[in-house]
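Working notes, structure below.
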Amino acid sequence: MSKTSQQNTSTDASGASVIHTQAHSSGLQQVPQLVPVSPGGGGKAVPPSKQGKKNSFVDRNSDEYRQRRERNNMAVKKSRLKSKQKAQDTLQRVNQLKEENERLEAKIKLLTKELSVLKDLFLEHAHNFADNVQPVGTETSTTNPENSGQ
């Protein structure tokens, strides 16, 4: 049993190609497929927000156009001011952090110096203490004659 099929291609109203196939005289079946009509392979995909808009001529003297331009100009100004403010805030924060860093580095330097002085004092005290204490085995002990008989 060999299956034979025939294909016919047509274009529907939306510009998409529709392939009609016929197998074993069962009739035509419509199978919609997205096949580019032009040999170049189509074009850019259009976002859904712009599909409904047509590239019609816009009267630059119309009130609607002037209102759109006014709103756009205000939005651009607002965006630029916001960006400028954000940059200023960032610069101010950087300066604050630099000052804090300098203070902390000065504090580290001071504490390191204090630690060094305290270490020196401790070592000097420990050395003097060691010189004043005699080892236990070398001490001279005097025996009390009263306690020697007991």
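Quick caveat, the model's predicted, so the values are computed rather than measured. As a basis for the values below, the full set of heavy atoms in this structure was taken, side chains included, without hydrogen atoms, waters or symmetry mates.
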Please report the C-alpha distance between Q85 and D89 in whole Å, then the side-chain angles of each, then the deciding distance to 0.1 Å, and finally whether the side chain to side chain donor-acceptor pair (under 3.5 Å) criterion is met.
-> CA-CA 6 Å; Q85 182 65 43; D89 292 346; 2.9 Å; yes
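The distance from the CG atom of L104 to the CD atom of E102 is 10.5 Å, given to the nearest 0.5 Å. With rounding to the nearest 0.5 Å, the separation of CG in L123 from CG in L118 is 11.0 Å. Here N73 contributes atom CG and K77 contributes atom NZ; the two are 6.5 Å apart, rounded to the nearest 0.5 Å. For the atom pair L97 CG and Q92 CD, the distance stands at 11.0 Å (nearest 0.5 Å). Atom CD of residue Q88 and atom CG of residue L81 lie 9.5 Å apart, to the nearest 0.5 angstrom. The distance from atom CG of D63 to atom CZ of R68, rounded to the nearest 0.5 Å, is 12.5 Å.
Within 6.0 Å of atom CD in E114, 12 or fewer heavy atoms from other residues, nucleotides or ligands are found, so the atom counts as exposed in its surroundings.
The pair R66-E70 does not meet the salt-bridge criterion, since no charged nitrogen lies less than 4.0 angstrom from a carboxylate oxygen.
Judged by distance alone, the side chain of T90 and the main-chain N or O of K86 form a donor-acceptor pair under 3.5 Å. Of the possible polar contacts, one joining the T112 side chain to the I108 backbone as a donor-acceptor pair under 3.5 Å is found.
At a threshold of 4.5 Å between non-hydrogen side-chain atoms, the residues N101 and E105 count as touching.
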